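Down below is the structure, laid out as structure tokens.
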Number of protein chains: 2
Amino acid sequence: MADTLSPATLKVSCSNCSLRELCLPIGLNPDEMSRLDAVIRQSRKLKRGDALFRSGEGFRSLFAVRTGFFKTTVASCDGREQVTGFHMSGELMGLDGISADLHGCDAIALEDSEVCELPFDRMEDLSRDIPSLQRHFYRLMSREIVRDQNVMLLLGNMKAEERLAAFLLNLSQRLSSRGFAANDFILRMSREEIGSFLGLKLETVSRTLSKLQQQGWIKVDHKHIRLLEPATLKALLSGCANAGSGAR
Amino acid sequence: MADTLSPATLKVSCSNCSLRELCLPIGLNPDEMSRLDAVIRQSRKLKRGDALFRSGEGFRSLFAVRTGFFKTTVASCDGREQVTGFHMSGELMGLDGISADLHGCDAIALEDSEVCELPFDRMEDLSRDIPSLQRHFYRLMSREIVRDQNVMLLLGNMKAEERLAAFLLNLSQRLSSRGFAANDFILRMSREEIGSFLGLKLETVSRTLSKLQQQGWIKVDHKHIRLLEPATLKALLSGCANAGSGAR
DNA sequence: CGCCTCTTTGATACAGTTCAAACTCGGTGG
DNA sequence: CCACCGAGTTTGAACTGTATCAAAGAGGCG
């Protein structure tokens, strides 16, 4: 594979991608890595609000977030929508499409974003040849199931205050594992989207954030959030299972 | 593999298992099928209340329900537990254990049951050799993710009455696809377990069932449920997404 | 500058929870 | 055989957290 670095076509390359550890943290040898590179499709750019795919569309590929931020939603006939997850760099979207060869949710960019496309049939073939890749895929899907179970727990058992705490701590943890500040960040989604994800109305989200601020646990400045006492937030959740639930 | 039919050891055989279509509905040729049989471990029997596995235990195998009924639960430190699914014959449990090599939930038999054990590392190897098996596994895991998303939608958006309707219709559909009556069945779980799964208290489950009965939609006689007007129940859900949510 | 969307905050309504008590059923032992 | 017991269930009454309705405030963008 000629790795021409013409800035226009900018072929994606996993081998020198800074997200390698997040997205495909697998021990591939150079040869395997270059076969993987050959399969990954040129990265695709989306603007804020664009749909990467929509529920019901034919499923061809998984998508890994390179930069930006996404939400995935399941829509109901009468217009209600449930946000099923928020997705940041290095995370995979579209796993739910494999089962029926149709995408099961919408994926919407919440800011200008860039994704890698992984054509699934090629990945399937490749994973047959590269055991560690196959294993990685199984783990990835399993991890998604674990996350979903944690969201169920959140939706089934937790109060508004606990849900928000879990949500913020989860974002914090994922951001810090990407090298961003753990306790000072910008929310990419609206109050309504947070509410949809957490099973609350947007007013309740707003009120609860205010309450957490009044207590001095956090500082809210519109979308700018600072966690002043992350330990106290965690304490809110002890007794609520594997604290690290929250978002996708 | 010698298929000795000594009643004592009773080796499991997928090739002549009546659940083949449910559990592993894949086009395997006879050779592939016998290799699969060779990997499946002797079936294991559990009594009502027994744990098949528990959260935190090392993950070795997936388990397919042969007969009986299970719940899976995620427990929180302070004793609260969230039922994450109910599982009947032909369904697989343990997929959440792959990600960390640890089981992520408890699996408890709700009646005397029997399961097939699928040692995961052997299945991994086998799925590398048998493309259709690999593909089937990916689909299976993806289907689990889709189910979980539907439960999120249920927990995030639906009212008590809608949750119960979704739950009953889901059970109904799964039972009927196994050849049982769709509109007349026995619940294997307690009101409390239903409530935990649906994010409601047991009293609310009881009250809501009574209400559905008063309306004439269903007949409740303890654990014996009859759906008198399944169409009306479905109508409750139109507007609540892909009606087929509910249980696992 | 002013419109529009998103957000905050308040007042009220209601669904579901909590607490409590009565009831049913299956099992056990006198 | 019947009385008794306990677990699970139903039902009632009061309470509470969140939703709903409504209005005002804050930024961002044309």
Side-chain angles (χ1 to χ4, degrees), chain A residues 47-49 69 71 78-83 108 110-112 154-168 186-215 218-225 236 240, chain B residues 47-49 69 71 78-83 108 110-112 154-168 186-215 218-225 236 240:
Chain A
K47 284 181 304 185
R48 182 144 115 67
F69 204 84
K71 68 171 175 180
D78 64 350
R80 285 187 281 186
E81 79 167 28
Q82 170 77 22
V83 171
I108 312 288
L110 294 182
E111 59 179 22
D112 294 358
L154 178 147
L155 292 172
N157 279 311
M158 289 167 60
K159 298 247 234 304
E161 198 175 62
E162 298 170 324
R163 294 184 196 198
L164 259 301
F167 172 71
L168 293 175
I186 306 294
L187 296 177
R188 256 64 220 214
M189 69 297 279
S190 70
R191 301 290 191 260
E192 184 164 22
E193 287 160 338
I194 297 173
S196 170
F197 179 63
L198 296 179
L200 301 168
K201 293 297 161 191
L202 70 97
E203 296 95 327
T204 306
V205 172
S206 179
R207 260 186 260 276
T208 307
L209 286 175
S210 300
K211 205 184 301 173
L212 292 174
Q213 180 171 231
Q214 276 164 32
Q215 309 264 282
I218 68 175
K219 181 82 178 62
V220 184
D221 177 21
H222 306 281
K223 299 211 183 274
H224 180 184
I225 302 286
L236 275 183
C240 294
Chain B
K47 284 181 302 184
R48 182 142 114 70
F69 204 84
K71 68 172 175 181
D78 64 349
R80 286 188 280 186
E81 80 168 27
Q82 170 77 23
V83 171
I108 312 288
L110 293 182
E111 59 180 22
D112 294 357
L154 178 146
L155 292 172
N157 279 310
M158 289 167 60
K159 298 243 251 300
E161 199 176 60
E162 298 170 324
R163 295 185 195 198
L164 260 300
F167 172 70
L168 293 175
I186 306 294
L187 297 177
R188 255 63 220 214
M189 70 297 278
S190 70
R191 300 290 190 260
E192 184 164 22
E193 287 160 338
I194 296 173
S196 170
F197 179 63
L198 297 178
L200 302 169
K201 294 294 161 195
L202 70 96
E203 295 96 328
T204 306
V205 172
S206 180
R207 260 185 259 276
T208 306
L209 286 175
S210 301
K211 205 183 301 174
L212 293 174
Q213 179 171 233
Q214 277 163 32
Q215 308 265 281
I218 68 175
K219 182 84 179 60
V220 184
D221 177 21
H222 306 283
K223 300 212 181 273
H224 180 183
I225 303 285
L236 276 181
C240 294

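Predicted, not measured: the structure shown is a model, and the values here were computed from it. In the text below, chain A, chain B and the rest are named by the order of the sequence lines, each starting its count at 1.
For the pair Arg188(B) and Glu111(B), the salt-bridge criterion is met [side-chain N within less than 4.0 Å of a carboxylate O].
Summarising the geometry, the separation between CG on Asn157(B) and C1' on dT18(D) is reported as 14 Å, rounded to the nearest angstrom. In this structure, Lys201(B) places its NZ atom 17 Å from P of dT10(D), rounding to the nearest Å. Between the CZ atom of Arg80(A) and the P atom of dA19(D) there is a distance of 13 Å, given to the nearest Å. For the pair Leu202(B) CG and dT17(C) P, the interatomic distance rounds to 10 Å; values are reported in whole Å. The nearest whole Å value for the distance from the NZ atom in Lys211(A) to the P atom in dG10(C) is 13 Å. Straight-line distance from the CG atom of Leu200(B) to the P atom of dT18(C): 11 Å, rounded to whole Å. Rounding to whole angstrom units, CZ of residue Arg188(B) and P of dG8(D) are separated by 17 Å. Between the CD atom of Glu203(B) and the P atom of dC19(C) there is a distance of 10 Å, rounded to whole Å.
Scored by the side chain to side chain contact (heavy atoms under 4.5 Å, CB included) test, Ser190(A) finds Glu192(A), Glu193(A), Lys223(A) as partners (sequence neighbours excluded).
In this structure, Ser206(A) reaches the dT8(C) phosphate: one of its side-chain N or O atoms is under 4.0 Å from OP1 or OP2. Phosphate proximity of dT8(C) to Ser210(A): absent, as no side-chain N or O sits under 4.0 Å from OP1 or OP2. In this structure, Ser190(B) does not reach the dA7(D) phosphate: none of its side-chain N or O atoms is under 4.0 Å from OP1 or OP2.
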Before you tell me yes or no, could you show the steps for Leu154(A) and Gln82(B) under side-chain contact (heavy atoms from CB on, under 4.5 Å), namely the whole-Å CA-CA distance, both residues' side-chain angles and the distance that decides it to 0.1 Å? CA-CA 9 Å; Leu154(A) 178 147; Gln82(B) 170 77 23; over 6 Å; no
Run the numbers on Leu202(B) and Ile194(B) for side-chain contact (heavy atoms from CB on, under 4.5 Å), then give the verdict. CA-CA 7 Å; Leu202(B) 70 96; Ile194(B) 296 173; over 6 Å; no
May I have the step-by-step check of side-chain contact (heavy atoms from CB on, under 4.5 Å) for Arg48(B) and Leu110(B), ending in yes or no? CA-CA 5 Å; Arg48(B) 182 142 114 70; Leu110(B) 293 182; over 6 Å; no
Go through the steps to decide whether Asn157(A) and Glu162(A) satisfy the test side-chain contact (heavy atoms from CB on, under 4.5 Å), and finish with yes or no. CA-CA 9 Å; Asn157(A) 279 311; Glu162(A) 298 170 324; over 6 Å; no
Between Lys71(B) and Glu81(B), is a salt bridge (Lys or Arg N to Asp or Glu O under 4.0 Å) present by the stated rule, with each step listed? CA-CA 12 Å; Lys71(B) 68 172 175 181; Glu81(B) 80 168 27; 3.3 Å; yes
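Note on Gly199(A): only backbone sugar-phosphate atoms sit closer than 4.0 angstrom, heavy atoms only; bases stay farther off. Counting any heavy atom pair closer than 4.0 Å across all strands shown, Lys223(B) reaches sugar-phosphate atoms only and no base atom.
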Do any N or O atoms of the protein come closer than 3.5 Å to N or O atoms of nucleotides 11-15 of chain C, and which pairs are they?
unit_1: dA11(C); atom_1: N6; unit_2: Arg207(A); atom_2: NH2; d: 3.4

Pairwise N/O distances under 3.5 Å, protein to nucleotides 25-29 of chain D:
unit_1: dG27(D); atom_1: OP1; unit_2: His222(A); atom_2: NE2; d: 3.0

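For the pair Ser196(B) (side chain) and Val83(B) (backbone), a donor-acceptor distance under 3.5 Å is present.
To the nearest 0.5 Å, atom CG of residue Leu200(B) and atom CZ of residue Phe167(B) are 11.0 Å apart.
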